[in-house]
Chemist: 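Once you've had a glance at the structure underneath, I'll fire off some questions.
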Amino acid sequence: MLLSRLARVSQEVAAASARSRKTALLAELFRDAEADDVPIVIPYLAGRLPQGRLGIGWKVLGRPVAPAAEPSLTVRGVDARLTALGKVSGTGSQAERARLVGELMGAATEEEQRFLFGLITGEVRQGALDAVAVEGLALATGAPAAGVRRAVMLAGSLQAVAGALLADGPDALGRFRLTVGRPVQPMLARSAPSVAEAVAGLGACAVEEKLDGIRVQVHRDGGTVRIYTRTLDDITDRLPELTATARELDGERFVLDGEVLAFDEAGRPRSFQETAGRVGSRVDVGAAAREVPVSPVFFDALSVDGRDLLDLPLTRRHAELARLVPEPMRVRRTLVSGPGDVGRAEDFLAAALARGHEGVVVKALDAPYGAGRRGASWVKVKPVHTLDLVVLGAEWGHGRRTGRLSNLHLGARTAEGGFAMLGKTFKGMTDAMLAWQTERLRELAVAEKGWGVTVRPELVVEIAYDGLQRSTRYPAGVTLRFARVVRYREDKRPQDADTVETLLAAHPEVAP
DNA sequence: TTCCGACAGTGGGGTCGCAAT
DNA sequence: ATTGCGACCCCACTATCGGAA
């Protein structure tokens, strides 16, 4: 199959607004793909490369290359070139990679160039990723969409399911079940502003501590242990102490879900930055593990002794977890009978925060494990802080925000009477706010830059954030974590904005 | 008809590791 | 040695479609 066909369909998918139309376009293409093209076409149209990331980004791709006049690239040919590109390494490799990229782009038409660019940077912007590709695959093969979705969650991969379906038809779905050693999409939580609201929607529930670390899925099959992240990357080699722990547990075959994080001598959690740095270390893992050892805290069991527990209620899964994992390695929790019992949940949240944790996750006791779902049965609650900050500048948006000033530069007042930038945010704005701030910030602009504008510090905006973290980038030595706009405060003047001093005083554990 | 669940998009900061400077 | 870049951790929020109520 020619790449031009994919590029054309991708553009049509992007132009279609109805999801059903996108699905139909993808299904038509999947049906036409030859068997050898399928393992490439499916991920491409889901906006991903079968090779995963190539180590090539905007910098190399940004260089313009004259497009070819006529399409000639085949899907398989492109795949072979990209595989070769991913394998280039060593000194001088950047130049070689740039050369190969230039060669590929030079063989592509303008439309194909746009498609390849999106594919390689991971931004296809066609309004259809995995979920829509799953629908298209179901339509193309006559398999039930829910069955395909479930198979993909259990296989942890769209490609495997696509290959089986197109080769063997809808019956192939039955082959996909939870397998020890093969990661499944983890269950996710939605958020609520208070435990009262979280409990109100759930009835009888467990309230568990929310730990600020790295999500891990631990598989053990006899002497073999594998550890996967939330995105199903294999990080076994980086966590030798967790591998050892899994081998010591009193079970031969299991799959556990949990969080891994570092604690200090007093047993309080170390900062996310410290845990993430440790887990990210790959070169001298032994030294990293000695310096910042991490501990697992498990909260779910997906499989024990060959029994698949996914469809069992949390109560049953937790009973299995408790049989397998000693109490200190399980997440701290309390049980709440329902909305009449909210006081217990609120007390538990306060205690969790006092112990230095992020918040709580409220879980319905009767809910199964919804692999890959951000279902309503897990709800996280974290305290939210707010500040009144001053807009110092704004950056031009991309995609659907093109032509709008989007990403705000936020400043707090300093003791010297100026403003210290604390970070940026693009979150929380409605389309109306984007339009309004674009106009207002242009009026306040003192300098037009390529990336946006700097403005007179006059506009006050209320910002919500989850906490402070250390920063080497910003002058106060700290930055906001997960900053988002709540509303503009036109009733406030910049001299009413919060100061760096009060911010640091509110988070003494982070203050430099 | 209205409501709401699921998705895609729009990017944030930090850290690590590699290659280039 | 330092810098730039990309990958991958953590993540919030809005707009939209389409099925459920």
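Chain identifiers are assigned alphabetically (A, B, ...) following the order of the sequence lines, protein sequences preceding nucleic acid strands; residue numbering begins at 1 within each chain. None of these values were measured; they are calculated from a predicted model.
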Chemist: OP1 or OP2 of B:dA6 versus the side-chain N and O atoms of A:Arg190: is any pair under 4.0 Å?
Modeler: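 So the side chain of A:Arg190 is within the cut-off, an N or O lying under 4.0 Å from OP1 or OP2 of B:dA6.
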
Chemist: For a quick check of understanding: with a heavy-atom distance under 4.0 Å over all strands, which category does A:Arg53 fall into, base, sugar-phosphate or nothing?
Modeler: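 Contact class for A:Arg53: sugar-phosphate only.
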
Chemist: Give one of base, sugar-phosphate or nothing for A:Lys59, where a contact means two heavy atoms less than 4.0 Å apart.
Modeler: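 A:Lys59: backbone/sugar contact only, no base atoms under 4.0 Å.
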
Chemist: Using a 4.0 Å heavy-atom cut-off, does A:Ala483 contact any base of the nucleic acid, only the sugar-phosphate backbone, or nothing at all?
Modeler: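 No contact.
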
Chemist: Assign A:Asp212 to base, sugar-phosphate, or nothing according to its heavy-atom contacts below 4.0 angstrom with the strands shown.
Modeler: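 Counting heavy atoms under 4.0 Å across all strands, no contact is made by A:Asp212.
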
Chemist: Under 4.0 Å, heavy atoms only, any strand: does A:Thr275 hit a base, just the sugar-phosphate, or nothing?
Modeler: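 Here A:Thr275 touches no strand at all.
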
Chemist: At under 4.0 Å, does any side-chain N or O of A:Lys424 touch on OP1 or OP2 of C:dA12?
Modeler: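 A:Lys424 to C:dA12 OP1/OP2: no side-chain N or O under 4.0 Å.
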
Chemist: Just checking A:Ile56: base, sugar-phosphate only, or nothing, at a heavy-atom cut-off of under 4.0 Å?
Modeler: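 Sugar-phosphate: the residue A:Ile56, judged by heavy atoms under 4.0 Å, touches backbone atoms but no base.
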
Chemist: Looking at A:Arg150 and A:Asp311, is any side-chain nitrogen of the basic one under 4.0 Å from a carboxylate oxygen of the acidic one?
Modeler: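 Salt bridge flag = yes for A:Arg150 with A:Asp311.
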
Chemist: A:Ala464 near the nucleic acid: base, sugar-phosphate alone, or nothing, with a heavy-atom cut-off under 4.0 Å?
Modeler: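 The answer is nothing, as A:Ala464 stays clear of every strand by at least 4.0 Å.
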
Chemist: In whole angstrom, give the distance that lies between atom CG of A:Leu392 and atom P of B:dG12.
Modeler: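 Value for this atom pair: 16 Å.
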
Chemist: Would you indicate what A:Thr425 reaches in the nucleic acid, counting non-hydrogen atoms under 4.0 angstrom: base, sugar-phosphate, or nothing?
Modeler: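 Contact class for A:Thr425: none.
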
Chemist: Which part of the nucleic acid, if any, lies within contact of A:Lys22, taking any heavy atom under 4.0 Å across all strands shown: a base, the sugar-phosphate backbone alone, or nothing?
Modeler: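 No contact.
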
Chemist: More 5' along DNA chain B: A:Val132 or A:Asn407, using each one's nearest nucleotide?
Modeler: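 With A:Val132 and A:Asn407 compared, the 5'-side residue is A:Val132.
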
Chemist: Using a strict 4.0 Å threshold on nitrogen-to-oxygen distance, state whether A:Glu135 and A:Lys22 make a salt bridge.
Modeler: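 Salt bridge flag = no for A:Lys22 with A:Glu135.
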
Chemist: With distance as the sole test, does A:Glu28 use its side chain to make a donor-acceptor pair with the main-chain N or O of A:Leu25 at under 3.5 Å?
Modeler: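 Looks like no, no N/O pair under 3.5 Å.
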
Chemist: So, is A:Arg484 close to the C:dC13 phosphate, meaning a side-chain N or O under 4.0 Å from OP1 or OP2?
Modeler: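 Checking A:Arg484 against C:dC13: at least one side-chain N or O falls below 4.0 Å of OP1 or OP2.
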
Chemist: Could you tell me the Watson-Crick or G-U partner of B:dC7, where both distances fall under 3.5 Å? Say none if there is no partner.
Modeler: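 By the stated definition (distances under 3.5 Å), nothing pairs with B:dC7.
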
Chemist: Should the ring pair A:His385 and A:Tyr465 be called parallel, tilted or perpendicular, given that the plane angle runs from 0 to 90° and is split at 30 and 60?
Modeler: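 The rings of A:His385 and A:Tyr465 sit tilted, inter-plane angle from 30° to 60°.
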
Chemist: Could you check whether A:Ser471 gets within reach of a base, just the sugar-phosphate, or nothing at all, counting any heavy atom under 4.0 Å?
Modeler: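 Here A:Ser471 touches the backbone only, sparing every base.
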
Chemist: Is the Lys NZ or Arg CZ of A:Lys382 less than 6.0 Å from the centre of A:Phe482's six-membered ring, within 45° of the axis?
Modeler: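 Negative - A:Lys382 is either too far from the ring of A:Phe482 or too far off its axis.
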
Chemist: So what does A:Glu123 hit on the nucleic acid, given a heavy-atom distance under 4.0 Å: a base, only sugar-phosphate, or nothing?
Modeler: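 A:Glu123: no heavy atom of the nucleic acid under 4.0 Å.
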
Chemist: Atom CG of A:Leu422 and atom P of B:dG14: how far apart are they, to the nearest Å?
Modeler: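 My rounded result for the distance is 11 Å.
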
Chemist: Rounded to the nearest angstrom, tell me the gap between atom CZ in A:Arg125 and atom C1' in C:dT16.
Modeler: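 After rounding, the reported distance stands at 17 Å.
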
Chemist: For A:Phe426 and A:Arg238, take the nucleotide of DNA chain C holding the closest heavy atom to each; which residue's nucleotide lies nearer the 5' end?
Modeler: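 Between the two, 5'-proximity favours A:Arg238.
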
Chemist: Using side-chain heavy atoms (C-beta onward) and a distance below 4.5 Å, is A:Leu188 in contact with A:Arg215?
Modeler: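 Yes, their side chains come closer than 4.5 Å.
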
Chemist: Please report, rounded to the nearest Å, how far the P atom of B:dG13 is from the CG atom of A:Leu408.
Modeler: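 One finds 12 Å between P of B:dG13 and CG of A:Leu408, rounded.
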
Chemist: Is there a side-chain contact between A:Thr479 and A:Leu468 in this structure, where contact means two heavy atoms from C-beta onward sitting under 4.5 Å apart?
Modeler: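 Sidechains of A:Leu468 and A:Thr479: no contact.
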
Chemist: Under 4.0 Å from OP1 or OP2 of C:dC17: is there any side-chain N or O of A:Ser20 that close?
Modeler: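 Checking A:Ser20 against C:dC17: no side-chain N or O falls below 4.0 Å of OP1 or OP2.
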
Chemist: Specify the closest pair of heavy atoms between A:Ala133 and A:Phe30, including all atoms of both residues, with the distance to one decimal.
Modeler: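 So the minimum-distance heavy-atom pair works out to O-CE1, 3.7 Å.
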
Chemist: What is the distance, rounded to the nearest whole Å, between atom CD of A:Glu135 and atom C1' of C:dT16?
Modeler: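 Atom-to-atom, A:Glu135 to C:dT16, this comes out as 15 Å.
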
Chemist: What is the distance from CZ of A:Arg48 to C1' of C:dC8, rounded to the nearest Å?
Modeler: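 Value for this atom pair: 16 Å.
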
Chemist: On the nucleotide C:dA12, are OP1 or OP2 found under 4.0 Å from the side-chain N or O atoms that A:Ser191 carries?
Modeler: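 No.
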
Chemist: Determine: side-chain N/O of A:Arg19 to OP1/OP2 of C:dG19, distance under 4.0 Å, yes or no.
Modeler: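 The answer is no; no side-chain N or O of A:Arg19 sits under 4.0 Å from OP1 or OP2.
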
Chemist: Within the pair A:Ser406 and B:dG11, is there a side-chain N or O less than 4.0 Å away from OP1 or OP2?
Modeler: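 For B:dG11, OP1/OP2 do have a side-chain N/O of A:Ser406 under 4.0 Å.
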
Chemist: Go nucleotide by nucleotide along DNA chain B from the 5' end; which of A:Ala276 and A:Asp130 gets its closest nucleotide reached first?
Modeler: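 On the 5' side of the pair lies A:Asp130.
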
Chemist: Does A:His398 put a side-chain nitrogen or oxygen below 4.0 Å from OP1 or OP2 of B:dG9?
Modeler: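 No, outside the criterion.
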
Chemist: For A:Thr430 and for A:Ile235, locate the closest nucleotide of DNA chain C by heavy-atom distance; then report the residue assigned to the nucleotide nearer the 5' terminus.
Modeler: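 Upstream on the strand: A:Ile235.
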
Chemist: Is A:Tyr465 touching bases, backbone alone, or none of the nucleic acid, heavy atoms closer than 4.0 Å?
Modeler: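 If one applies the 4.0 Å heavy-atom cut-off, A:Tyr465 turns out to touch nothing in the nucleic acid.
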
Chemist: Tell me the interatomic distance from A:Lys427, atom NZ, to B:dG9, atom C1', rounded to whole angstroms.
Modeler: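 For the pair A:Lys427 NZ and B:dG9 C1', the rounded distance is 13 Å.
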
Chemist: Can you find a side chain N or O atom of A:Thr231 that sits less than 4.0 Å from OP1 or OP2 on C:dC8?
Modeler: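 No, outside the criterion.
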
Chemist: Would one find a side-chain N or O of A:Gln273 under 4.0 angstrom from OP1 or OP2 of B:dT15?
Modeler: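 So the side chain of A:Gln273 is within the cut-off, an N or O lying under 4.0 Å from OP1 or OP2 of B:dT15.
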
Chemist: Side-chain N or O of A:Arg473 versus OP1/OP2 of B:dG14: is the shortest distance under 4.0 Å?
Modeler: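 Yes, such a contact exists.
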
